[in-house]
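Naming convention: chains lettered A, B, ... in sequence-line order (proteins, then strands); numbering from 1 in each chain.
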There are 2 protein chains.
Amino acid sequence: MNSIFGSPELLETLKEHMQLEQYAKGDIIENAGDVSKRLFFIKKGIIRVFYRTAGREICCHFAKENEILTGIDSFFTGKPTIYTSQALETTECYSLTKNNLDWVFDHVEGMDRYGRIFMIEAYSELVERYNSIVSMSAEERYEDFMNKHSDLLNRVPLGYISSYLGMKQETLSRIRSKQN
Amino acid sequence: MNSIFGSPELLETLKEHMQLEQYAKGDIIENAGDVSKRLFFIKKGIIRVFYRTAGREICCHFAKENEILTGIDSFFTGKPTIYTSQALETTECYSLTKNNLDWVFDHVEGMDRYGRIFMIEAYSELVERYNSIVSMSAEERYEDFMNKHSDLLNRVPLGYISSYLGMKQETLSRIRSKQN
DNA sequence: TGTCGTTTTTGATCTAGATCAAAAGAAACG
DNA sequence: CGTTTCTTTTGATCTAGATCAAAAACGACA
């Protein structure tokens with residue numbers, strides 16, 4: 001999800017069309033019901049994305065520095081999003097409006113290819129998560145998460161991680177203590 | 001996933017670049033480990049897509065007449081697929097090779113837009129399935145499935161549907177009998 | 001129309017993980 | 001610092017759904 005940062009020239013070109021935004025810990029960046037208007041390149045900090053269902057909040061994504069955040073369900077379709085995104089630390093990100101994105105797609109070489117790859121990567125990531133929840137135990141999912149995102153454990157409250165992993169906080173806590 | 005069939009002219013143009021293929025019940029169309037070379041427009045019949053993990057087969061998709069089937073993980077990336085697709089009835093489909101698809105993208109008006117929408121639809125569908133498995137009970141998932149795909153129940157063995165829904169066949173059978 | 005293989009149902013039991021409740025630890029803030 | 005609030009852990013209990021096993025139902029085909 002971060003290959004664009006591998007191309008410094010492209011990033012520089014993009015930055016000319018982006019605004020730098022600052023969020024404090026706890027700030028809501030976009031709210032459920034909004035139409036997502038911006039795509040974010042996160043410079044520093046961490047954001048959780050969640051939605052509400054059956055009274056609970058379910059966290060479906062964490063995005064941190066050097067990653068891209070956008071509401072795929074809303075940004076590309078123009079429909080209101082069901083997701084809320086919130087800064088979990090002091091967070092800085094470059095934002096790109098949809099208009100500017102369209103301009104970029106028209107004028108910046110390699111951007112359309114990047115867009116397609118972005119979608120395929122997002123899709124593949126989701127497939128993996130789906131499979132993990134269908135075919136792995138809570139303990140295996142935790143280990144898998146640790147292998148991929150161990151850094152998040154110290155930056156994100158346990159309750160958010162447990163809902164991301166599809167289990168209760170108590171269960172995650174017990175799994176952790178079992179492994180010492 | 002089937003909006004292309006809503007445009008008869010586009011479909012006609014595409015057909016000139018496609019081959020009609022026939023499969024008997026039980027035939028394997030593409031096997032895990034293959035590199036997916038074709039995109040299919042299903043004319044008639046039904047296909048299940050599954051993968052193997054921890055000794056089990058998990059069904060992740062059904063595709064039927066007027067729908068499109070392709071291994072997104074493989075067709076667009078060129079990597080071997082983990083999925084096997086199998087005809088569950090006598091099935092006819094138009095197939096389009098990757099070379100021909102590239103030609104079509106270059107020469108057929110509206111095709112690139114369709115491609116992007118296809119990806120977004122596929123993504124949204126997966127998001128929904130993910131959410132259903134995280135936040136719904138087995139019974140609710142079954143009801144949800146019935147609302148969307150009740151026709152499949154008579155065409156597809158129960159065991160495939162139960163693995164698609166992330167539950168055991170016995171559980172699905174009990175849920176069904178409970179509802180009479 | 002009976003036999004064999006496949007698919008579905010039913011029954012008994014077990015278990016991972018949920019739920020409810022409360023204690024223990026950290027962090028924020030006057 | 002001490003108090004208050006948020007986060008994590010621990011304990012006791014409960015339950016949806018898995019597992020194992022076998023019977024019943026269905027379908028294809030000789």
Name the residue closer to the 5' end of DNA chain D, choosing between A:Glu170 and B:Met136 according to the nucleotide with the nearest heavy atom.
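Nearest nucleotide further toward 5': that of A:Glu170.
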
Which nucleotide in [options] has an atom nearest any side-chain atom of [X]:
X: A:Ser177; options: D:dA18, D:dT10, D:dT8; result: D:dT10
X: A:Ser173; options: D:dT10, C:dG17, C:dT7; result: D:dT10
X: A:Lys25; options: D:dA18, D:dT8, C:dA28; result: C:dA28
X: B:Met167; options: C:dA18, D:dT8, D:dA18; result: D:dA18
X: B:Lys168; options: C:dT8, D:dT19, D:dT9; result: D:dT19
X: A:Thr171; options: D:dT8, C:dT7, C:dA18; result: C:dA18

For A:Tyr164 versus A:Cys60, what's the shortest heavy-atom pair and its separation?
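Minimum heavy-atom separation between A:Tyr164 and A:Cys60: CE1-O, 3.6 Å.
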
Shortest non-hydrogen separation from B:Cys59 to B:Ser163 and the atoms involved:
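Looks like N-OG, 2.8 Å.
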
Rounded to whole angstrom units, what separation is found between the [atom1] atom of [X] and the [atom2] atom of [N]?
X: B:Glu89; N: D:dG27; atom1: CD; atom2: C1'; value: 16 Å
X: B:Arg56; N: D:dC20; atom1: CZ; atom2: C1'; value: 16 Å
X: B:Arg176; N: C:dT7; atom1: CZ; atom2: P; value: 14 Å
X: B:Leu172; N: C:dT9; atom1: CG; atom2: P; value: 8 Å
X: A:Ile175; N: C:dA18; atom1: CD1; atom2: C1'; value: 13 Å
X: B:Lys178; N: C:dT8; atom1: NZ; atom2: C1'; value: 17 Å
X: A:Leu158; N: D:dT10; atom1: CG; atom2: P; value: 12 Å
X: B:Ile133; N: D:dA16; atom1: CD1; atom2: P; value: 18 Å

For a quick check, tell me whether the side chain of A:Arg174 and the base of C:dT19 share a donor-acceptor pair closer than 3.5 Å.
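Counting by modelled atom types and ignoring angles, a donor-acceptor contact under 3.5 Å is found here.
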
Do the ring centers of B:Phe50 and B:Tyr160 come within less than 6.0 Å of each other?
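Between B:Tyr160 and B:Phe50, which both carry aromatic rings, the centre distance is not below 6.0 Å.
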
Tell me whether the OP1 or OP2 atom of D:dT9 has a side-chain N or O from A:Gln169 closer than 4.0 Å.
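No, A:Gln169 has no side-chain N/O under 4.0 Å of OP1/OP2 on D:dT9.
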
Within 45 degrees of the axis of the six-membered ring of A:Phe62 and under 6.0 Å from its centre: does A:Arg155 put its NZ or CZ there?
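That pair does not qualify as a cation-pi contact.
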
Nearest-0.5 Å distance, CE of residue A:Met136 to CG of residue A:Asn131
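Rounded to the nearest 0.5 Å, the CE-CG separation comes to 10.0 Å.
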
